Amino acid sequence: MRTGLTYAAIAVTTSLLTILVINLAPQPRVLRSIVPHRFDSADPQFAKTMSSFSQGQLFSSNAVQTLVNGDEIFPSMLQAIRVAHSTIDIETYIYWSGAVGYEFATSLAAKAKEGVEVRVLVDWVGSLPFDEDLIQIMTRAGVTFERYRPIHWYTLDRVNNRTHRRLLIVDGRVAFTGGVGIADNWRGNARNPDEWRDTHYRIEGMAVPAFQAAFAQNWLETTGESLQGEKFYPAPEPAGELDAQLILSSQPNGSQDVELMMLTAIAAAQGHLRIGMAYFVPDDIALQQILEARDRGVSVDVLVPNSLTDVPLTRHGSRYFWGALLQAGVRIFEFQPTMYHPKLLIVDDVWSSFGSVNLDERSLRLNDEATLNVYGKDFAKTQIDLFNQDLQRSRQISLEEWQARSLREKMTDWLASRLRSQL
């Protein structure tokens, strides 16, 4: 009897260890070297190459509104929901209980009662702190609520592959994306540690159907329902003058698209590269790509959270790799007032990228992600101005300060860096 129990225990332990190894093993790399610098960001070949590399169609005639912090983001999203006529589709990594979650739940429920088709897709892992009462408020009103990749015995091999996308599409005509989650952490205007700093964007125009298709992709996987027809894909209408391109990544296929896009953008930098990331833990190739830009004389500014980050382990893992960047003249800044949560890449004064993608291996190889590339000097200037405003509330880290970390800090940073493929 004891022998049988021993064998059973060994079998269970072996199975658990196998599952752990499968989930934590580094994902295979498609890109094995940096992208060469062949043209500048202002060259028409840049946009053409980005479109062909990343399989993201370039759409003209878009309008993109920048929303800064919860005081602007949530009212805009809720207003779009309240005027919806036919469909509302939300996909988010984070939907937590609280005042913001309640307001969204009741607003979505009200629209469902009016006959609007409302679908909510939340990541199973990212939205664990979720009050069942909020779900019932929605589902009792007719909202279709689903969790993305819930844990079952037959899905244990992909527990680590989550959806990190932040998408809201209303009537197939208005879309939102950016860094914000539906939670109280994002309330306010980044005035103190309880009010996270973030940016979200409202999009209208020819690119909106791509957002709807991105949602439909994950919805099909989760429910088996195919979203078709004019109520989801009405004839797009011009709304502005911006060219925009939605880039998606997903597991098990297609994760290389966002990585190739980001490295190509860095390779095209001519004068100034600005990187604002909630989680900045680039792999060796991404580090080399940034250093190659510095070798060409490109100014590089990196803006990241300080100790107020919600994931201290990621900050430690990031700091371990700062030495080579600082020695090369990369300027690294830590945002001071609160958690810094945007995901922003600006190349020169012509190109901006934003959405759910961080410059880390989790975003580039594990998660389903979505980021929007916008081409245009006027729009880029708004992003540069916002980036510079954040720099004024940040503290620059010098090479001397980085070198002077205590032995304990250096050890912690080194240990965290060993987990880079999971951060």
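Being a predicted model, the structure only gives us computed values, none of them experimental.
A 4.5 Å side-chain heavy-atom check between Thr92 and Phe104 finds every atom pair outside the cut-off. Between Phe387 and Gln383, every side-chain heavy-atom pair lies at or beyond the 4.5 Å cut-off. Looking only at side-chain heavy atoms (C-beta outward), Phe176 and Phe211 stay at 4.5 Å or farther from each other. The closest side-chain heavy-atom distance from Val180 to Asn69 is not below 4.5 Å. In this structure the side chain of Val100 reaches within 4.5 angstrom of the side chain of Arg187, judged on heavy atoms. Between Val300 and Ile290 there is a side-chain heavy-atom pair separated by less than 4.5 Å. Within the 4.5 Å cutoff, no side-chain heavy atoms of Phe354 are placed close to those of Thr199. Side chains of Arg294 and Leu325 form no contact here, defined as non-hydrogen atoms less than 4.5 Å apart.
The two residues Ser394 and Asp390 come nearest to each other via the heavy atoms OG-O, 2.6 Å. Of all non-hydrogen atoms in Phe215 and Ile90, the two that sit nearest each other are CE1-O, 3.3 Å. When all heavy atoms are compared, the tightest approach of Ser97 to Leu134 is CA-CD1, 3.9 Å. Shown here for His37 and Ala267, the closest heavy-atom pair between the two residues is ND1-O, 2.6 Å. Of all heavy-atom pairs between Met206 and Glu237, the closest is SD-C, 3.7 Å. Nearest heavy-atom pair across Val83 and Asp171 is O-OD2, 4.2 Å.
By the neighbour-count criterion of 12 heavy atoms within 6.0 Å, atom OH of Tyr102 is sparsely surrounded, having that number or fewer from other residues, nucleotides or ligands. Atom CG of Asp378 has 12 or fewer heavy atoms from other residues, nucleotides or ligands within 6.0 Å.
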Could you tabulate the donor-acceptor pairs under 3.5 Å formed by side-chain atoms of residues 42-49, not counting sequence neighbours?
| residue | atom | partner | partner atom | Å |
| --- | --- | --- | --- | --- |
| Asp43 | OD1 | Gln45 | N | 2.8 |
| Thr49 | OG1 | Gln45 | O | 2.7 |

| salt bridge (charged side-chain N to carboxylate O under 4.0 Å, His left out) evaluation trace for Lys343 with Asp360 | CA-CA 11 Å; Lys343 300 93 168 58; Asp360 62 14; over 6 Å; no
| task | Could you give me the CA-CA distance, side-chain angles and deciding distance for Leu391 and Gln396, then say whether side-chain contact (heavy atoms from CB on, under 4.5 Å) is met? | result | CA-CA 9 Å; Leu391 287 187; Gln396 185 172 355; over 6 Å; no
| request: Starting from the C-alpha separation in whole Å, work towards a yes-or-no answer on side chain to side chain donor-acceptor pair (under 3.5 Å) for Tyr148 and Asp368. | output: CA-CA 11 Å; Tyr148 184 75; Asp368 285 16; 2.9 Å; yes
| said: If you apply the rule side-chain contact (heavy atoms from CB on, under 4.5 Å), what do you find for Phe335 with Leu308, and how did you get there? | reply: CA-CA 9 Å; Phe335 191 72; Leu308 295 173; over 6 Å; no
| field | Test log, rule side-chain contact (heavy atoms from CB on, under 4.5 Å), inputs Phe59 and Leu246 | value | CA-CA 9 Å; Phe59 297 94; Leu246 185 67; 6.0 Å; no
| Between Asp413 and His316, is a side chain to side chain donor-acceptor pair (under 3.5 Å) present by the stated rule, with each step listed? | CA-CA 4 Å; Asp413 293 350; His316 283 294; 2.7 Å; yes
| request: Carefully, step by step, assess Ser353 and Met261 under the rule side-chain contact (heavy atoms from CB on, under 4.5 Å). | output: CA-CA 10 Å; Ser353 183; Met261 178 274 294; 4.0 Å; yes
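Remark: the Tyr279 side chain and the Asp310 side chain contain an N/O donor-acceptor pair separated by less than 3.5 Å. For the 3.5 Å distance criterion, the side chains of Arg165 and Gln217 qualify, holding a donor opposite an acceptor. When only modelled atom types and interatomic distance are considered, Asn373 and Gln245 share a side-chain donor-acceptor pair under 3.5 Å. Side-chain contact check for Glu369 and Ser356: at least one donor-acceptor pair (N or O, by modelled atom type) lies under 3.5 Å. Defined by atom type and a distance below 3.5 Å, a donor-acceptor pair is missing between the side-chain atoms of Ser249 and Asp257. For the residue pair Gln212 / Asp89, a side-chain donor-acceptor distance below 3.5 Å is found, with atom types taken as modelled.
Among Arg147, Arg149, Arg166, Arg162, the single residue meeting the salt bridge (Lys or Arg N to Asp or Glu O under 4.0 Å) criterion with Asp123 is Arg162. The one candidate from Asn358, Leu359, Leu263 that meets the side-chain contact (heavy atoms from CB on, under 4.5 Å) condition with Leu364 is Leu359. Just one residue in the list Glu91, Glu146, Glu225 forms a salt bridge (Lys or Arg N to Asp or Glu O under 4.0 Å) with Arg119, and that residue is Glu225.
The cationic atom of Arg418 (NZ for Lys, CZ for Arg) lies less than 6.0 Å from the six-membered ring centre of Tyr320 and within 45° of the ring axis.
Salt-bridge annotation for Asp40 and Arg296: absent, with no side-chain N of the basic residue lying under 4.0 Å from a carboxylate O of the acidic one. Between Glu334 and Arg197 there is no salt bridge, since no side-chain nitrogen of the basic residue lies less than 4.0 Å from a carboxylate oxygen of the acidic one.
Looking only at distances, no side-chain donor or acceptor of Thr87 sits under 3.5 Å from a matching main-chain atom of Phe232. Between the side chain of Asp283 and the main chain of Ile285, a donor-acceptor pair closer than 3.5 Å is present. No donor-acceptor pair under 3.5 Å is formed between the side chain of Ser76 and the backbone N or O of Glu72. Although no hydrogens or angles enter the test, the distance criterion places no donor-acceptor pair under 3.5 Å between the side chain of Ser318 and the main chain of Arg315. At least one donor-acceptor pair closer than 3.5 Å links the side chain of Lys111 to the backbone N or O of Arg82. Under the 3.5 Å distance criterion, the side-chain polar atoms of Glu204 are left unmatched by any main-chain donor or acceptor of Ala63.
For residues 126-137, the side chain to side chain donor-acceptor pair (under 3.5 Å) pairs, not counting sequence neighbours, are Gln136-Arg140.
In this structure, CG in Leu291 is found 9.5 Å from CD1 in Ile34, a value given to the nearest 0.5 Å. Atom OG1 of Thr139 and atom CG of Leu108 lie 12.0 Å apart (nearest 0.5 Å). Considering CG of Asn306 and OH of Tyr340, their distance stands at 12.5 Å, rounded to 0.5 Å. To the nearest 0.5 angstrom, Tyr375 atom OH is 12.5 Å from Leu242 atom CG. A distance of 12.5 Å separates NZ in Lys381 from OG in Ser352, rounded to the nearest 0.5 Å. Between the CD1 atom of Ile73 and the OG1 atom of Thr66 there is a distance of 10.5 Å, given to the nearest 0.5 Å.
Tyr95 meets the ring pair (Phe, Tyr, Trp, His ring centres under 6.0 Å) test with Phe130; sequence neighbours excluded.
Taking the six-membered ring where the residue is Trp, Trp96 and Trp186 present tilted rings, their angle falling between 30° and 60°.
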